[in-house]
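Ligands are counted one by one from 1 in listed order, and the atoms in each one are counted from 1 as well. All values below were derived from every heavy atom in this structure, side-chain atoms included, with hydrogens, water molecules and symmetry-related copies excluded.
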Amino acid sequence: MNRFVTTDSLRGLFAAGMSDMYRQEVPLYGTLLDIVAHVNATVLRNDPALDQSLADAGERARLDLERHGAVRVGTAAELALLARIFAVLGMYPVGYYDLAAAGVPVHSTAFRPVDEAALRACPFRIFTSLLRLELIEDPALRAQAQKVLEGRRIISARGLALLENAERNGGVAESDAPEFIAEVLAIFRWHSEAIVDIETYRRMHAAHRLVADVAAFQGPHINHLTPRVLDIDAAQAEMLRRGIDAKDYIEGPPRRMEAILLRQTSFKALEEVISFPDGAAMQRGTHTARFGEIEQRGMALTPEGRTLYDACLHKARAGEHPAGHDHDARLRDAFRDFPDDLQALRQQRLAYFRYALTQKGKAARPLAAGTTLPDWLAAGWVQAIPITYEDFLPISAAGIFRSNLGSASSQGYDSQGSRAELEAALGRKVIDPFELYETIQEKSLEGLAVHFAAMLVH
Ligand code: OOG
Ligand code: NI
């Protein structure tokens, strides 16, 4: 008997494997994990209410395993291959992110699980960017990078065979799982040998550092793996205390009572030794790509909430001082317009909520006919639990890219994003994240409607 491994456990194996691999490759990542474990334990000990609300949201158990990674591929064919692999792992492309306007010649999507049960089991996500060579000015260099990329194979023959098996059979057999995961991990490992000579590397690097990062190596190395922390200000302070070269400030919204979206910080990219082919010999050089990031996740916002978020952020950014001077104060001021209590966020439909029966609700006597959500909430029968944001923020992503690429790249490209092109490469449309949150909210309401209607007939 050769049974299939569930998609959720395959993804769990993949996430754990990536974490082990990255810990070995970038020891400072292990330090970040220590910081995060310490901060999370302290927060949970001091704030039993938060501990309980994480448990209510079904996120207490997943917290220690929760990560996102980021990779960058060079061609549509490579993106299509990753999409096939991630589908076997239960990860689907959600959202379109255009980073060209922020001076990064890529567009991106995030592969992640989409339904509630899968998110609960293992919410592993990978922010995946496709290089847009058409944005590189020098035609000769563009052609050369294209040729290098078309000539490389990022998956082994064995890995491809296992993938095809999984697709044909509708799953990965238990006996194949360890090898399949090992082959997938190998795609994302670091290569300390470049596949182009140092002159070519330098020209790619001069066109844009990202061209060198993608096209000068054998494969799409994972460039960071981000754990989830419950108090990012504490984590940032601890990074600085330990002398880690952290970003000047935290990306995203300011610290609030009720956390929204995503706040992130990172340590700057490491300078790593690379050997470049030089005839029959090798030549030493360096490359910076890999860094460490920590994030705190808050609640998902509706389109209205997102518009208000963007407006607040825009206000904060207007007239920003170059070195991030008084960044936090400016951000706090700009976000005064953004309600900071759950009831207002819910009543103004700024955020998404999952509605769940409380203990009191479970024990409630049959209801009078015609009651609705406001009655259930007022009676304490139903509780509104904010839905955690599972996605990314283009402005933060651009800030993260930039702080790791150096300031030379802050000039934006004069280009519109090209969602259709990314979707053509994926062979499918990207999923709208708002629809996913909306579905979770609606399903919870439908469940309650059924429950209370059933009470009526008894
Ligand atoms: C991806 C940057 C985006 C985030 O957390 O916003 C990202 C990259 O550097 O390849 O990971
Ligand atoms: Ni990231």
Side-chain angles (χ1 to χ4, degrees), residues 15 18-19 22 26 28-29 32-33 36 66-74 78-79 82 86 91 93-112 123-132 187-188 190 208-217 219-229 232 235-236 239 246-247 249-253 260-270 287-298 300 309 313 388-406 409-410 417 422 430 433:
M18 287 287 258
S19 191
Y22 203 59
V26 178
L28 207 44
Y29 165 73
L32 287 195
L33 292 187
V36 166
E66 189 159 347
R67 309 265 188 277
H68 83 252
V71 301
R72 304 149 180 176
V73 292
E78 289 177 355
L79 183 65
L82 293 194
F86 290 146
M91 298 158 78
V94 179
Y96 175 76
Y97 302 86
D98 170 25
L99 290 159
V104 188
V106 304
H107 49 180
S108 318
T109 187
F111 288 91
R112 67 165 177 90
F124 194 53
R125 335 164 169 82
I126 295 206
F127 192 91
T128 304
S129 301
L130 173 61
L131 181 63
R132 292 177 67 195
I187 297 175
F188 303 114
W190 181 247
H208 197 290
R209 282 175 180 236
L210 214 78
V211 177
D213 185 53
V214 176
F217 297 92
H221 41 254
I222 175 99
N223 70 60
H224 65 282
L225 203 57
T226 303
R228 177 174 168 194
V229 76
I232 197 162
Q236 169 88 346
M239 274 165 78
K247 274 178 69 88
Y249 57 84
I250 295 168
E251 298 279 352
I260 52 172
L261 299 173
L262 189 59
R263 300 181 68 211
Q264 301 178 313
T265 186
S266 63
F267 67 71
K268 305 236 176 79
L270 310 170
H287 178 63
T288 50
R290 301 192 298 171
F291 60 98
E293 183 184 57
I294 297 180
E295 68 190 5
Q296 181 175 353
R297 290 192 170 261
Y309 171 82
L313 204 61
T388 297
Y389 189 58
E390 304 285 350
D391 294 288
F392 295 85
L393 292 171
I395 295 177
S396 303
I400 297 278
F401 265 113
R402 252 203 310 276
S403 64
N404 284 289
L405 293 172
S409 56
S410 56
L422 191 85
V430 295

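Of all the N, O or S atoms in His224, the one closest to the Ni ion (ligand 2) is NE2. The N, O or S atom of Glu293 lying closest to the Ni ion (ligand 2) is OE1.
Atoms of ligand 1 found under 4.0 Å from any heavy atom of Phe392 (numbered from 1 in listed order, with element): 4 (C), 5 (O), 6 (O). Of all atoms in ligand 1, numbered sequentially from 1 with element shown, those under 4.0 Å from a heavy atom of Phe127 are 1 (C), 3 (C). Close approach of ligand 1 to Ala70 is summarised as follows: ligand atoms under 4.0 Å from at least one heavy atom of the residue are 1 (C), 8 (C), 10 (O), 11 (O).
Considering backbone and side-chain atoms together, Ser129 places no N or O closer than 3.5 Å to any N or O of ligand 1. Between Gln264 and ligand 1, at least one N/O pair is under 3.5 Å apart.
Separating the OH atom in Tyr389 from the CZ atom in Arg263 is a distance of 15.5 Å, to the nearest 0.5 Å.
Between Ser19 and Tyr29, the side chains place a donor N or O and an acceptor N or O closer than 3.5 Å (distance only, hydrogens not considered).
Of all non-hydrogen atoms in Pro433 and Asp391, the two that sit nearest each other are CB-OD2, 3.5 Å.
Residues satisfying the side-chain hydrogen bond (donor to acceptor under 3.5 Å, both in side chains) criterion with Arg297, sequence neighbours excluded, are Glu295.
Using a non-hydrogen distance threshold of 4.0 Å, Glu251 does not register as a contact of ligand 1.
With Glu293 as the partner, the side chain to side chain donor-acceptor pair (under 3.5 Å) test is satisfied by one option alone out of Asn223, Thr226, Thr265: Thr226.
Between His287 and Phe217, the angle of the ring planes lies from 30° to 60°, which puts this pair in the tilted group.
Of all the heavy atoms of Asn223, the ones lying under 4.0 Å from any atom of ligand 1 belong exclusively to the side chain.
With Glu295, His68, Arg72 as candidates, the residue nearest to atom 9 (O) of ligand 1 on a non-hydrogen basis is Arg72.
By the 4.5 Å heavy-atom criterion applied to side chains, Thr288 and Arg209 are counted as neighbours.
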